[in-house]
Amino acid sequence: MLRLRVREVAQEKNMSIHRLSIKSEISYHVIREIFINPYRRLSTYIIDKIAEALEVPVTDIIEDVPKWRAEEERKRIKGRLEGS
């Protein structure tokens, strides 16, 4: 299962959601959703724009994770969102 590493790479580059949104020309809300849920489905166009804004190859912001790990992480994300 594919997982987006946008949050991790942006943090390594000290780039906020706001700055990444401006630099990539992608909505702040979309970037925020990706930070919250790295399993969010996106078009290749958006992934490419984000990688370009972060100045990394696309392969740096995508990782393949085992299905069981993805399901566990999705449950944690859902729990945090429901607890908010």
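One-based numbering along the sequence shown.
A distance of 10.5 Å separates CD1 in I47 from CD1 in I26, rounded to the nearest 0.5 Å. In this structure, the separation between CZ on R80 and NZ on K75 is 15.0 Å, given to the nearest 0.5 Å. Here D48 contributes atom CG and I61 contributes atom CD1; the two are 8.5 Å apart, rounded to the nearest 0.5 Å. To the nearest 0.5 angstrom, D60 atom CG is 13.5 Å from I50 atom CD1. Note that CD1 of I46 and CG of L4 are 10.5 Å apart. Values are rounded to the nearest 0.5 Å.
Of the charged side-chain nitrogens involved, none lies within less than 4.0 Å of a carboxylate oxygen, so that K13 and E55 do not count as a salt-bridged pair.
When all heavy atoms of L2 and Y39 are compared, the pair lying nearest together is O-CD2, 3.3 Å. Here the closest non-hydrogen pair linking A53 and M15 is O-CE, 3.8 Å. When all heavy atoms of K49 and S24 are compared, the closest pair comes out as CE-O, 3.1 Å. Looking at every heavy atom in both residues, A70 comes nearest to M1 through CB-SD, 3.4 Å. For F35 against V6, the heavy-atom pair with the smallest separation is CE1-CG1, 3.8 Å.
Within a 6.0 Å sphere centred on CD of E52, other residues, nucleotides and ligands contribute 12 heavy atoms or fewer.
In this structure, I22 is not a member of the same hydrophobic cluster as V56, with clusters built from ILVMFWY side-chain heavy atoms closer than 4.5 Å.
Take K78 and apply the side-chain contact (heavy atoms from CB on, under 4.5 Å) test, not counting sequence neighbours, and it matches E82. Not counting sequence neighbours, the partners of R40 by the side-chain contact (heavy atoms from CB on, under 4.5 Å) test are V30, E33, I34, N37, L42.
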